[in-house]
Amino acid sequence: MNALIPGLLVLASLLALAALAVARAARWRAGRAAAVDAVAGLLAMPGRYLHDVHDAVLRDPVGRAKAGDTGRAAARMHMLTAGGFIAATALILAVHLFALGGVVLAWLLLAFLALMSAGLLRLYARRKPEVSPRLSRGGFDRLPYAFTAFIVFFAIATLPAAGLIAPFSWASLGGLALLALGAWACIELYVGMGYGPLKHALNGVLHLAFHPRPARFGATTPDSALQPLPATAERLGVEQPRDFAWNRLLAFDACVQCGRCEAACPAFAAGLPLNPKKLIQDLVAASGTHGSDLGYSGSPYPQRPVGSAHGAIDKPIIGSGAMIHPDTLWACTTCRACVYECPMMIEHVDAVVDLRRFQTLELGATPNKAPAVLEELKATDTVCGRPTSARLDWAADLRLPLLAEVEHTEALLWIGEGGFDMRNQRTLRALVKLLREAGIEPAVLGAEELDCGDVARRLGDEKTFEALARRNIATLNGYAGRFARIVTADPHVLQVLGREYPALGGYYSVVHHSTLLAELIEAGRLKPAADDSGRRVTFHDPCYLGRYNGEVSAPRRVLKGIGIKVVEMNRSGMRSSCCGWGGGSTFTDVPGKRRIPDVRMDHVRETGAELVAVACPNCAVMLEGVVQPRADVADLAELLLAAVEAGK
Amino acid sequence: MALDIAVLVSVGRHPASARNRRAVLDARALELALNVPGANIHLIHAGDADEPALREYLGMGVERLSVLGVPAHADVLPVLVAHLKALRPALVLCGAAAEQGAGSGELPYRLAAALGMPIVPAVAGFELHGGRAQLAQALPRGRRRGVEAALPVLLSVDRAAPEPRQSAYARAQRGQIERIAVPAAPLWQPPGEEQPARKRPKRLKLISGSGAERMRAAQGAAASAGKGQLLVQPEPAAAAQAIYDYLLSEGILRG
Ligand code: SF4
Ligand code: SF4
């Protein structure tokens with residue numbers, strides 16, 4: 001009996017964990033049904049873990065607040081601690097419960113405990129003496145002690161089996177104290193996997209297997225298209241936690257509170273009342289019978305207290321007295337920075353959009369100017385409420401042919417909302433001139449071009465999005481074979497036409513102007529002169545070009561073609577930081593301590609750049625709206641046109 | 001006893017796209033009614049019950065819309081009078097003028113006359129106190145005038161009234177449309193031919209001078225050259241007194 005005690009401790013803890021896991025699964029099963037290929041998911045799980053999760057962990061967290069807080073350190077800590085822990089668990093059962101393996105296994109067990117100690121040192125370094133503000137405290141702060149207790153207890157308990165000391169009895173004062181330590185460690189580490197900080201281990205594995213977006217794993221470009229509304233739901237969008245699909249509830253429950261999303265979130269940085277980590281934690285808390293954020297120990301939503309939010313699986317999530325305040329929901333720019341950073345592969349943006357759908361479609365509670373925009377979209381098919389026939393007013397002298405008048409065009413130019421905006425008309429003019437310079441005569445749809453539906457969709461108005469999309473698709477399909485590809489200067493158009501129309505039956509080859517311009521330079525069809533001004537130039541990656549479409553090289557190739565060496569910002573490429581326009585947030589306009597574009601312009605300032613190149617009409621407007629002194633803002637097309645004209 | 005409010009709504013037309021929508025003024029009339037606590041709102045339209053734009057009113061949170069089935073171009077006055085006489089609401093709310101059809105703005109007056117009700121035009125807001133309505137009437141340039149009226153009364157609503165709430169898709173779809181058959185109504189003949197209005201270009205007056213001067217000219221110098229009073233670095237008490245006196249003189253505060 002005496003020798004069995006350590007093994008029984010582990011066994012009992014594992015049984016308790018199993019019971020907790022069953023109870024936890026009941027919480028997730030309260031969600032809506034979801035089509036999940038469980039077998040394929042389970043088979044793919046190890047690969048997803050070793051590849052996708054590992055890659056995400058390995059990236060250094062944004063804005064590291066502490067030396068040594070690197071992705072590599074986090075990965076090592078996990079490999080040593082978790083790997084050692086799993087192996088040690090198996091060996092404890094073998095050695096202490098079944099008395100297998102004799103001295104050899106006992107020594108092996110000691111070796112794995114030593115391995116865990118190496119990981120434990122990194123865990124101490126991570127959490128002592130101070131913790132990065134993005135990390136949560138609470139139960140997480142006890143983890144280093146629990147692992148220490150675990151290692152000490154099982155090391156001593158294994159010494160006799162390893163032949164190092166004589167067997168001893170636990171029924172002494174020292175033995176009982178040691179036993180208490182071991183029992184506490186087993187509760188924290190094994191049973192805690194069912195409710196505490198370590199639940200990310202178990203839930204993370206299940207989440208990887210039953211992920212709501214299996215296509216994201218191993219994909220060459222991001223799986224970023226929003227998903228259509230489920231046709232059969234009694235409520236449109238998500239009101240209560242149980243309106244989420246069950247595997248989304250599981251996904252939230254896998255969050256390890258690492259705060260990598262928080263560190264990357266532009267709204268959080270600007271002091272808007274949004275923190276993606278707390279958003280996910282609030283959704284977890286609300287998925288039980290009585291939920292509150294009292295147990296939350298990370299950074300709050302800026303400007304808001306922690307501890308007064310309440311929710312339950314069958315209670316509305318959004319509301320001023322509910323789990324999540326509407327301002328938090330509407331502060332999100334849908335920039336996907338959180339999704340890109342999250343090592344647990346959680347899809348924050350899907351959750352935000354689902355919640356918005358209910359607010360907009362069921363409640364009519366879209367805030368500020370957004371309802372007016374949606375109403376204009378419905379009545380005029382444009383965001384600004386002007387007739388579509390006015391979209392080309394600025395181009396009267398360019399005599400752009402209508403697609404209806406030409407037999408075929410290499411490039412159907414999709415003008416977008418930028419056509420109504422004087423600042424972006426400059427970009428569009430430059431683009432048209434460049435295309436003609438390269439021998440491409442673009443055609444346009446003219447009054448037939450309706451808004452693509454991006455703003456409506458991100459504001460949760462799926463019905464208006466669908467109506468616009470279907471009519472655009474009908475128009476485009478009517479011209480099938482008459483255009484080779486659609487060219488746009490607006491990454492939001494690129495996303496919606498290229499990635500979101502297929503679900504509604506519109507399949508087109510859509511390119512962003514940066515991609516096309518890079519091709520034309522490389523093919524020698526555009527011959528820019530090298531920029532010899534010597535000015536420092538940086539490039540701001542649009543979220544909808546980089547993180548949504550995976551295109552970060554083309555803009556840099558264009559700038560290289562002009563002879564500009566880009567001085568990169570700390571946040572660039574796939575890790576760029578949003579300008580603050582996306583997701584309709586200029587219309588919902590939730591106040592923060594600062595404006596998001598001001599924060600981004602600070603990043604530009606850090607590089608000392610005199611000019612920031614952009615590749616999106618909305619980024620141009622947002623960044624140009626920052627008060628002087630600041631860097632100049634110019635679209636790639638404007639810069640390239642100047643260089644091409646200088647080259648003549 | 002709940003207060004009966006009849007809100008008369010029409011089909012609007014967007015000026016840029018000529019597409020049907022909820023009418024700007026009628027939606028404001030409904031918004032005012034929705035803000036009366038415990039009111040029993042009767043939402044009424046005379047026209048085609050199958051017009052989809054009507055659902056936008058339901059989307060504002062009313063469960064039912066009663067449609068008096070008259071054909072296009074019918075004179076809606078007689079059917080509305082008959083319906084409202086039977087309903088006997090304490091308040092009748094409608095927009096000041098329709099966005100299509102005759103759109104003359106006469107209907108509220110004729111209706112009030114036929115019902116024997118007083119009418120208050122250009123209403124921007126109201127409160128009800130014991131059988132009387134305290135009204136804010138919109139005057140040009142953002143000014144307001146307080147008016148009091150005994151119920152029942154017909155109010156025609158001005159653009160200055162609060163913006164209407166968002167129309168929610170799901171509520172619009174779930175709302176009911178009640179079709180009410182009415183006796184044949186006489187047709188209304190448009191006097192002449194209808195054609196889209198064309199904006200006349202405005203003659204530009206060239207103003208030279210500083211930016212501030214040009215801005216003032218663009219805003220209409222007459223408007224700002226009023227009886228304002230300029231206090232330069234006044235004592236706080238004097239400044240407060242000046243604001244207080246102004247609010248009194250405008251009737252915003254009562255002494
Ligand atoms: S949501 Fe993801 S990135 Fe954010 S705290 Fe949770 S696990 Fe970390
Ligand atoms: S999508 Fe962007 S703004 Fe929204 S929560 Fe994530 S990081 Fe923050």
Side-chain angles (χ1 to χ4, degrees), chain A residues 229 233-239 243 326 330 356-391 393 420 447-451 456-457 459-468 471 584 587-588, chain B residues 9-35 41 43 51-63 65 95 98-100 159-175 195-199 201:
Chain A
L229 267 178
E234 82 219 63
R235 273 187 288 272
L236 302 175
V238 168
E239 181 192 32
D243 297 337
W330 296 104
R356 286 184 178 184
R357 284 173 176 171
F358 183 84
Q359 297 295 306
T360 295
L361 294 173
E362 293 276 356
L363 296 185
T366 330
N368 282 332
K369 289 283 165 238
V373 166
L374 295 175
E375 203 160 347
E376 293 294 17
L377 273 171
K378 270 179 250 178
T380 66
D381 308 318
T382 65
V383 169
C384 59
R386 298 181 55 201
T388 53
S389 56
R391 197 190 296 276
D393 283 359
F420 293 108
E448 288 185 288
E449 181 192 315
L450 316 178
D451 186 82
R457 193 166 215 200
L459 286 172
D461 191 345
E462 189 70 2
K463 295 293 170 179
T464 299
F465 163 74
E466 267 178 28
L468 289 166
R471 288 165 60 214
F587 307 118
T588 54
Chain B
V9 294
S10 61
V11 178
R13 175 188 290 201
H14 195 282
S17 66
R19 206 176 290 167
N20 287 349
R21 60 162 181 182
R22 63 174 176 178
V24 169
L25 297 178
D26 297 342
R28 279 170 166 73
L30 177 54
E31 178 66 36
L32 288 178
L34 285 167
N35 285 324
I41 295 175
L43 189 61
E51 168 54 50
L54 288 174
R55 292 210 166 261
E56 293 181 22
Y57 295 108
L58 293 169
M60 292 171 68
V62 188
E63 266 159 39
L65 168 69
E99 293 175 5
Q100 46 186 325
R159 237 203 139 89
E163 280 201 15
R165 67 193 59 190
Q166 188 176 6
S167 173
Y169 171 87
R171 288 198 299 235
Q173 295 310 304
R174 284 176 203 143
Q195 64 179 47
R198 205 161 52 95
K199 240 196 204 154

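Within every chain, numbering begins at 1; the chains are lettered A, B, ... in the order of the sequence lines, protein sequences first and strands thereafter. This is a predicted model, so every value here is computed, not measured.
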Which atoms form the tightest heavy-atom contact between B/A16 and A/G385, and what is the distance?
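Shortest heavy-atom separation between B/A16 and A/G385 comes out as CB-O, 3.4 Å.
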
Between A/E362 and B/R174, does the salt bridge (charged side-chain N to carboxylate O under 4.0 Å, His left out) criterion hold? Intermediate values first, please.
CA-CA 10 Å; A/E362 293 276 356; B/R174 284 176 203 143; 2.9 Å; yes

Which atoms of A/A372 approach chain B - backbone, side chain, both or neither, heavy atom under 4.5 Å:
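Neither; nothing under 4.5 Å.
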
Do other residues, nucleotides or ligands put more than 12 heavy atoms under 6.0 Å from B/R159 CZ?
no

B/Q100, CD atom: more than 12 neighbouring heavy atoms under 6.0 Å
yes

B/S17 side-chain N/O to A/A379 backbone N/O, donor-acceptor pair under 3.5 Å:
yes

Side-chain (B/R19) to main-chain (A/K378) donor-acceptor, under 3.5 angstrom:
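Checked: pair present.
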
Interface check, chain B: of A/L374, A/T360, A/D461, A/D381, most non-hydrogen pairs under 4.5 Å belong to A/D381

What residue in A/E376, A/R386, A/R235 has the most heavy-atom pairs under 4.5 Å with chain B?
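Between A/E376, A/R386, A/R235, the count favours A/E376.
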
Would you compute the distance between atom CD of B/Q173 and atom CG of A/L236 and round it to the nearest 0.5 angstrom?
9.5 Å

